[in-house]
Amino acid sequence: MSGYFDHIDTIKYEGQSSDNPLAFRHYKADEMLLGKTMAEHLRVAVCYWHTFAWDGNDIFGDGSFGRPWNAMDGQQAAEAKLDAAFEFFGKLGNPFFCFHDVDVMAPAATAKEHVNNLHAILDPLEAKMEEHGTKLLWGTANMFSHPRYIAGASTNPDPAVAAFAALQVKHAMEATHRLGGDGYVFWGGREGYDTILNTDLKREMDQLGRFLNMAVEHKHKIGFKGALFIEPKPHEPTKHQYDRDVGTVYGFLQKYGLEGEIGVNIEPNHATLSGNSFEHEVQMANAFGIFGSIDFNRGDPQNGWDTDQFPNDLREITTALYYIVKGGGFTKGGSNFDAKVRRQSITAEDLFHGHIGAMDLLARGLKNAARMIEDDYLQDNIDKRYAGWDSGMGAKMMAGEASLDDMAAHAMNAPAPKPVSGLQERLENYITDQL
Ligand code: XLS
Ligand code: NI
Ligand code: NI
């Protein structure tokens, strides 16, 4: 049977001297860094939705890609898409993929159809995974595209919608479990509001908190050992989304008793939408012990929405990977490319260009990060900067052995503190030197 990617050869590592656009110049799966292979560090995943389900439509125009499976219907379309997806994975050599329930199955109008259609694709999907050795990084349920979710999934004013969402999560999580997935993601696309005027914010957050607890209970009930992640995003499609950034998610997890059960899947484009940098979100997750996975992509600095472009900023990726690897790196999570080619990038080759470039970029960022961890320059500076807290009054304060009075008395008798340089430009130059 002829495949959509037939005319493209398996992508190989050819090294930096290669000018073949369909080869890796930096991503070398078995290259060792800090005691692990590059593939083990990065755990690269291709996402099903942007790369195979989406046909290039936007709010102003129809699909532009003309992928053959999108012209088919039902189960036939789902299986043709599956063939193409795994042909792509086999050629790119990504060890993992990610999917939403609706990405892989025939469209369904009712709850019964949803369950039947999802189940109808699981055997062929499992067979393809076996055949190509591609593993599942995480699965998820799409609870934002269907009109039933216009006012949210579990945060909906109508509990019947929350019940439908429960049905989707139950089956998507069970499918993820069956397929040996390492994780399960909750992205609450409609879990927020369009206007606060019609919204009982407190009630909706309580509903989301209870719903996520039900999902955690179900995970334990079925014996799923994967990690659960919330994917923060501040807005779009809603005006406000309840899981707006990592700090907000941490507070939410604490309030609803979910700490230790759910971590975060950070997406750089969501980070910048929330007014935070990518590395800020990574460091917040590390600080709270909830770092999980990354949906690598980038936004466009000028237009300010979730453009989900393939990452290409080596400086940003180097810094983020430094903090990721230094924080312990990926365990159940990985590097999912939640990124899509532009609407004019209509060829099969374009899909490869996007992924090859992103994998090469991650490889370069990882090599830079490994070098930075080995030479310890940034950490050394941090250690020196805070050294005062290791002893004396600082250590007493942090051990809870000093009162406000004690600290005030100390200040009375101590020499006046002397401001010191934060060395920002020096540190920024250091990063530039690593690129
Ligand atoms: C949308 C999100 C979505 C999640 C999975 O902005 O990034 O693609 O990753 O539902
Ligand atoms: Ni995402
Ligand atoms: Ni996104």
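Along the sequence shown, residues carry numbers from 1. Atoms within a ligand are numbered from 1 in the order they appear, just like the ligands themselves.
- Proximity of Phe24 to Lys12: side-chain heavy atoms (C-beta onward) are nowhere separated by under 4.5 Å.
- Rounded to 10°, the angle formed at the Ni ion (ligand 2) by OE1 of Glu267 and OD2 of Asp338 is 90°.
- Contact of the Arg426 side chain with the Tyr377 side chain is registered, since non-hydrogen atoms from C-beta on lie closer than 4.5 Å.
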Check the pair Asp245 / Ser274 against side chain to side chain donor-acceptor pair (under 3.5 Å), numbers first and verdict last. CA-CA 7 Å; Asp245 65 1; Ser274 69; 4.7 Å; no
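- Applying the 6.0 Å contact sphere to CD1 of Ile346 captures no more than 12 heavy atoms from other residues, nucleotides or ligands.
- Which parts of ligand 1 touch Asp338 is read off a 4.0 Å heavy-atom cut-off, strictly below it: atoms 2 (C), 3 (C), 4 (C), 7 (O), 8 (O), 9 (O).
- For the pair Glu236 and Lys233, the salt-bridge criterion is met [side-chain N within less than 4.0 Å of a carboxylate O].
- Among heteroatoms of the N, O or S kind in His270, NE2 lies nearest the Ni ion (ligand 3).
- Annotation: side chain of Glu204 is not in contact with side chain of Leu208 (no heavy-atom distance under 4.5 Å).
- Within the structure, the closest approach of Asp295 to ligand 1 falls below 4.0 Å when heavy atoms are considered.
- Of the candidates Lys202, Arg203, Arg210, Lys202 is the only one forming a salt bridge (Lys or Arg N to Asp or Glu O under 4.0 Å) with Asp206.
- For the Ni ion (ligand 3), the N/O/S atoms of Asp295 include none lying under 2.8 Å.
- On a distance-only criterion, Trp138 and ligand 1 share no N/O pair closer than 3.5 Å.
- The atoms of ligand 1 that sit less than 4.0 Å from any heavy atom of His100 are 5 (C), 10 (O).
- The pair Asp182-Lys225 fails the salt-bridge criterion, with no side-chain N (NZ, NE, NH1 or NH2) lying under 4.0 Å from an Asp/Glu carboxylate O.
- Between Gly333 and Ser293, the shortest heavy-atom contact is CA-OG, 3.4 Å.
- In Glu231, the N, O or S atom that comes nearest to the Ni ion (ligand 2) is OE2.
- Using a 4.0 Å heavy-atom cutoff, His270 is listed among the residues neighbouring ligand 1.
- Residue Asp306 touches ligand 1 through its side chain alone, judged by heavy-atom distances below 4.0 Å.
- Not one N or O of Thr140 is nearer than 3.5 Å to an N or O of ligand 1, by distance alone.
- The N, O or S atom of Asp306 lying closest to the Ni ion (ligand 3) is OD2.
- Atoms of ligand 1 lying under 4.0 Å from at least one heavy atom of Glu231, given by number and element, are 2 (C), 3 (C), 4 (C), 5 (C), 7 (O), 9 (O).
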